[in-house]
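Remember, it's 1-based here, ligands and their atoms both numbered in the order they're listed. Worth saying up front: this structure is predicted, and the values here are computed from it rather than measured.
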Amino acid sequence: MASPTVLKFGGTSVKDAAAFERVGAIVRSHGGAHPVVVVSAMSGMTDALLGAGAAAAGDPTAARAGLEPLLERHREVARRLLSPGAAVGWCRELEGEARTLTALVERIARDAGADGALQDELAAYGERLAASLLSAVLEARGFRARYVDSRRCIVTTDEHPGAVPLLPETRTRTEGEIGPVLSRGEMPVLGGYIAAAADGVTTTLGRGGSDYSATLIGAALGAAEIQIWTDVSGVLTADPRTVRGARTIPRLSYAEAAELAFFGAKVLHPRTIQPARDGRIPVRICNSHAPDDPGTLVTAEADIWPETVKAIAHKQGITIIQVASARKLGAHGFLRALFDVFDRHGTAVDVVATSEVSVSLSVEETAALPQIVADLRRLGDVQVEPHRSVVCIVGEGLRGTPGIAARVFEAIRDINVVLVSQGASQVNLTFMVEDAEVGEVVNRLHAALLQRDGAGATVATPAARPRAGAPPDVFTLARQLIDIPSISGEEAGLARFLADYLAALGYRVALADAAPGRPNLFATTGAEPRVVLCTHLDTVPPFIGSHDDGESISGRGACDSKGILAAQIAAAERLRADGLAEVGLLYVVDEEMGSLGARAANAHPRARECRYVVVGEPTDNKLAVGCKGSLRLALRTSGTGGHSAYPERGTSAIDALLPVLTDLRGVSWPVDSFFGDTTVNIGVVAGGTRSNVLATDARADLHFRLVTDVEAVRQPLEETVAGRAEIEYLSVTPPVRLMALPGFEQCVVGFTTDTAHLGHWGTPLLLGPGSILEAHTAHERIAKAELSRGVDLYVRLVRSLLAGLGADRQGALAGARE
Ligand code: ADP
Ligand code: ASP
Ligand code: MG
């Protein structure tokens, strides 16, 4: 059986009848063939239950009565969404639960100081009722839904609250409970947050723990994807309640998402990521109020933004404890004794900073603080600072990026920072400030590090706007586009111009950030986009304005890719005028750097409607049937340094690097009968400081053009380097074979394109006017005749692809009639 998709709906996604309805629609559109649904308690329910537990000792009757409005919200959903008979049945079951709930509140009231187990038992009602109700609603909507008690699936330790899952047992139980349900073609519906210890006693996974339940269940079932449906469109660059301009981050690595969750991005429970990461399962965070928003995709791969920072998380109400060693134990013994204290009192330490004689730590949980401080006093002087906030800046690009800390602290130089630590994961920079100042700090940092609006947007938008129904003149449009600078990183002005231009023609246009301030553009005619014409918005530097010498148009991007953009838009207009509306336009950022735009676009929810994506790159108007892949890497060597007059007294990093490069130039790299030769370019050689100094560091940047699987290069490469240099692999794109079509001249191209990253958009094709040998040069130009021919070819190509789809549809209809 194909792998299931786990869909988790948070409390606000099931807050009332309308929200339950939306869940049904989302499961249908996004759940794939084998959905597994995990649901939180209706919003407010867990708070109310825990509140009742706490109030029970004082006045159990009032505590129980306080829950009545929440139970009524459940009945209301049942009455509105179930058939009258089913509603009566479900409400009858609810009355049974309500009675046991009353008994439980009374029991908690009797056992003054009732243990956590009873509180967990009480809290569990929220998820149990929501899951049972959702299961009934989904059944009423035609799904074969089946309520499964998650306490039979997730096995934990017996702490209360916040037990720790036992993974092997959880896997076995989950497979055993859910496997048969899926095999019967039914859809399991489970409550999140709740679990059970080995003896069957109810436990919980901590507040917000339903996200964690979803990834635990997803990992146990080997899910294809885990979707977290919430009330915001993915993980944002900061907490939207603090920063008004916070924006969706399209992609995060597991490490980044884990750090954000741990340091306060409430959208994910702190432990959510680990099970997904272990199982290498993609996690998507989506908005149940806007299901078509692309949201955030979390995978192993990271996008390294040039800005290096992706998001800022913060958490208030932290306590800092400083301990100055009494110097009796030595550094090693001191640290061990220190952590033993926290361990003994079951209190987790979040951030640590050490100096030779003192240690600062932060903790969130303060229940055991008095005992901890008493124990710590035996080790040295102790100071406690409450009301602190932790601020955590996250981004894969922080690894080894110099200067970032300077930018951060410059932005808040007038604010007192009390503790700083660079996370061991290397993807975060964390520090503490006073609670009262954290809002100001996060907003300033967001403005300094993540808001790119306006940066480089001094674009003179050409005045000419198209008129609906008047076909664009491809030459005029090409020049207009060339005259808008859009060097990688600064594509926003061009994207906005195109959005206005296409909207004026009557297209439905959406801009979605692939990175902050760097939007991809997607436009449709309103019909389903079966064939999408795609190219990139960015160019290489420097900007060069347009010129028309009568024969050709020149300027930056003339053939890569502004001319192509103009040709595609002109072609789409011609097709639309001929009644062929199933065409979309996808324009992405960053193709000239790391293909961030295409990678983000690949997660676009409408990709699945598309059957063919025609990527535009200058192929001299030929249909490329293959493009080589690429492997970028850096080699690094080091030396001891020293005076160059005595080279025998030291070693030089450059002397170490050169023989490695010479040996690599002698290797016979793989040859493929279809793609041709693997080639390698040593693009950068750098190192040393002066001719009279032995170099301490040297580096070479290499770029392979792959014709085989990367392993066929990696192996001889590593054998040749033989440990003499450190190899840092920067990016890999495999070679891609592309579709051929009769009637089009064919070629194989040596350059890498976005085709490899757009797999979700259907079968890729590659064609465009202009020559790659002109692209990236100072004299970049495109012949007007070639540009016009490009328009004709795009029209012809899309026509034959749509005709093929039409024939398939006709065939399918005929088959259905027979
Ligand atoms: P659910 O009930 O769906 O589990 P939560 O309330 O637990 O939803 O989490 C979603 C909320 O997390 C958002 O409404 C938002 O206020 C908050 N949040 C905090 N930081 C972030 C962030 N970086 N990105 C997105 N949301 C965040
Ligand atoms: N209902 C639980 C809570 O409110 C768990 C969750 O929503 O994820 O904490
Ligand atoms: Mg949550």
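- Backbone and side-chain nitrogen or oxygen atoms of Gly11 are examined, and one is located within less than 3.5 angstrom of a nitrogen or oxygen of ligand 1.
- Contact between Lys8 and ligand 1 is present, with at least one heavy atom of the residue lying under 4.0 Å from the ligand.
- Under a 4.0 Å heavy-atom criterion, Gly208 is not in contact with ligand 1.
- Among all non-hydrogen protein atoms, the one lying nearest atom 7 (O) of ligand 2 is Ser40 OG, 3.2 Å.
- Side chain to side chain, Arg151 and Thr202 meet the donor-acceptor criterion of an N or O pair below 3.5 Å.
- The protein heavy atom nearest to atom 6 (C) of ligand 2 is Ser210 OG, 3.3 Å.
- With a heavy-atom cut-off of 4.0 Å, Lys266 touches ligand 1 through backbone and side chain alike.
- Comparing Pro240, Gly234, Gly264 against atom 27 (C) of ligand 1, the shortest heavy-atom distance belongs to Pro240.
- For ligand 2, the atoms sitting less than 4.0 Å from at least one non-hydrogen atom of Arg207 are 3 (C), 4 (O), 9 (O), numbered in the order shown with element in parentheses.
- Distances shorter than 4.0 angstrom do not occur between any heavy atom of Gly11 and any atom of ligand 2.
- Using a 3.5 Å distance cut-off with no hydrogens or angles, the side chains of Asp435 and Ser389 do pair a donor with an acceptor.
- With ligand atoms numbered from 1 in the order given, ligand 1 contributes 10 (C), 11 (C), 13 (C), 14 (O) to contacts under 4.0 Å with heavy atoms of Asp231.
- Proximity of Val232 to ligand 1, defined as any heavy-atom pair under 4.0 Å, is confined to the side chain (atoms from C-beta onward).
- Heavy-atom distances between Ala238 and ligand 1 reach below 4.0 Å in at least one pair.
- Residue contacts with ligand 1 leave out Ser210, since none of its heavy atoms falls under 4.0 Å from the ligand.
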